[in-house]
Protein chains: 2
Amino acid sequence: MGKCEQCIVREFSSFKALTKDELVHMANCKTSKTIRKGETIFSEGDTIGGVFCVKDGVCKMTKLSSNGRDQIVHLVKRGELLGQRSMISDEPANLSAVALEDMQVCFIPKSEILTFFNQNNRFSMGVMKTICGDLKQADDIMVNMAQKTVKERLALTLIYLEDTFGTNADGTLKLQLSRDEIASMIGTATESCIRLLSEFNKLGLIELVGKKIVVRQRAKLERMGE
Amino acid sequence: MGKCEQCIVREFSSFKALTKDELVHMANCKTSKTIRKGETIFSEGDTIGGVFCVKDGVCKMTKLSSNGRDQIVHLVKRGELLGQRSMISDEPANLSAVALEDMQVCFIPKSEILTFFNQNNRFSMGVMKTICGDLKQADDIMVNMAQKTVKERLALTLIYLEDTFGTNADGTLKLQLSRDEIASMIGTATESCIRLLSEFNKLGLIELVGKKIVVRQRAKLERMGE
DNA sequence: GCAAAAACATGATATATGTCATGCAATTTG
DNA sequence: CAAATTGCATGACATATATCATGTTTTTGC
């Protein structure tokens, strides 16, 4: 059983506001889990009963639309928490969480988190700020979905992926998504996504190395996203 | 200067968690304002420095997209608070607020709200729940924008308007939006919105009484939205 | 290492939706 | 009250994007 006080990830999350005592207490309540790429952490409608702290790896938060297609609403990485919203609203999960890479997560039960809420104001303020950040992002994406073309959204998404998850030594995007997953982020058909990637490739905006992607002309992509 | 303790609206908002003393104190800090239909309460980018409590009337929260079109992200009615997110994130407003009807609002400065956050846990928990509700709604709308057709979105929006704002004695929707505003909610061109309304009208799903709208076959509209 | 499945790619075609143009109705303004 | 502006409505047309079809490449599982 790892010690939360020594967990590096703590520094990036709302948990950084917790005292040493609180962290020790949390370490005794938490459960660590390894999750394989492709595995589901929880599904839409599940009652979660706590939050997951992502120690390593990235997962996608998706929602199934009535047309049978999955939409990727959000990506969550190291240091972030999963399931905060459901916990606070006291509702079943609105989104599913599926690992995009092998992950290390810790589950902290709701009762524990609520205790922190009551006794540590900096902590609850931190969680609030995170959720407010998510809300702002969601509003922005909503506007993009409603007002931008698929091409524009793809351009913006590529930049987002580079900024948020970085690149490997060879310049390829660190977070490797399938064409289908990229399509599911921008809300389009897989074929359309593939076609546009080919087009960007021909224009020299990006380079396709197998299924990996290198952003070549970032400024032009940015302008394309308007 | 009205007394917050006696304000009916208080019962619908997060302020219901405040004590009598806190309400008295708030009454001394607040500023009441009348806002005319069409007037802007604040604009994207403004530093607000507090929250507005909506005592009466409805406003739209919009965001300007780079294509020059306004997108309606959210509607806010009696009892709800404006600018909570910006206040908590300590950022300028991400959205503009424009009155859709004549409004009565009270402005409460940030310092006051932060005091309540620190001393009253039920209050901060209430605000958190509201924001979590907004986040869920935003995620759901995002998926609809990405996955549903304009026709489906229009059907869902009409139902939403009926459920949220109710109907007049003659069955027309209480909240009267222009065609342009409805288009701006569902993220489409005004002409497309008008055409679909005509189509729904011909199909008997709705009835157009001048610019007012009556939902006639709610169940069919629901099914159409899937 | 091979069969099967999944992911990627591209063409042909259909269709939903945006854009431009025009006219009428309703509302505002001087 | 007339004039002007704004909102509503509809047609014609352009185009972005979805869908269907097919082939190739890559990955997976035994």
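All values reported here derive from a predicted model rather than from experimental measurement. Below, chains carry the letters A, B, ... as their sequence lines are ordered, and counting in each starts from 1.
For the pair B:Arg179 and B:Ala146, nearest-nucleotide mapping onto DNA chain D gives the more 5' position to B:Arg179. In terms of position along DNA chain C, the nucleotide closest to A:Ser192 lies nearer the 5' end than the nucleotide closest to the other residue of the pair A:Ser192 and B:Cys193. For the pair A:Gly210 and A:Lys151, nearest-nucleotide mapping onto DNA chain D gives the more 5' position to A:Lys151.
In this structure, the NZ atom of B:Lys211 is 9 Å from the P atom of D:dA9, given to the nearest Å. B:Ile194 places its CD1 atom 12 Å from the C1' atom of C:dA25, with the value rounded to the nearest Å. Taking atom CD of B:Gln176 as the reference point, atom C1' of C:dT27 lies 13 Å away to the nearest angstrom. For the pair A:Asp180 CG and D:dA18 C1', the interatomic distance rounds to 15 Å; values are reported in whole Å. In this entry the distance linking CD of A:Glu181 with C1' of C:dA6 reads 13 Å, nearest Å. If you measure from atom CG of B:Asn67 to atom C1' of C:dT17, you get 14 Å, rounded to the nearest angstrom. Taking atom CG of residue A:Leu196 and atom P of nucleotide D:dT15, one finds them 17 Å apart after rounding to whole Å. As rounded to whole Å, 16 Å separates atom C1' of D:dC8 from atom NZ of B:Lys212.
Contact annotation: A:Ser178 side-chain N/O to C:dA7 OP1/OP2 distance is not under 4.0 Å. A close approach under 4.0 Å does not occur between any side-chain nitrogen or oxygen of B:Arg195 and OP1 or OP2 of C:dT17. The shortest distance between the side-chain N/O atoms of A:Ser198 and the OP1/OP2 oxygens of C:dT10 is below 4.0 Å.
Taking 3.5 Å as the limit, the base of C:dG18 and the side chain of B:Arg69 contain no donor-acceptor pair of atoms between them. In terms of polar N and O atoms assigned as donor or acceptor, the side chain of B:Glu191 comes within less than 3.5 Å of the base of C:dC20 in a complementary pairing.
A salt bridge links A:Lys110 to A:Asp90: at least one charged side-chain nitrogen sits closer than 4.0 Å to a carboxylate oxygen.
Distances were taken from every side-chain heavy atom of A:Leu208 (C-beta onward) to each of C:dA9, C:dG18, D:dA9; the shortest belongs to C:dA9. Proximity note for B:Val150 (side chain, C-beta onward) versus C:dT17, D:dC8, D:dA18: the nearest is C:dT17. The listed nucleotides are D:dT27, C:dT17, D:dT17; the one nearest the side chain of B:Thr149 is C:dT17.
A side-chain donor-acceptor contact under 3.5 Å links A:Glu181 to the backbone of A:Ser178. The closest donor-acceptor contact from the side chain of B:Gln147 to the backbone of A:Arg69 lies at 3.5 Å or more, if one exists at all.
Between A:Cys59 and A:Leu82, the shortest heavy-atom contact is SG-CD2, 3.8 Å. In terms of heavy-atom proximity, B:Lys60 sits nearest to B:Ile72 at CD-CD1, 3.8 Å.
A:Thr188 comes within contact range of the sugar-phosphate backbone alone, with a heavy-atom separation under 4.0 Å but no base atom that close.
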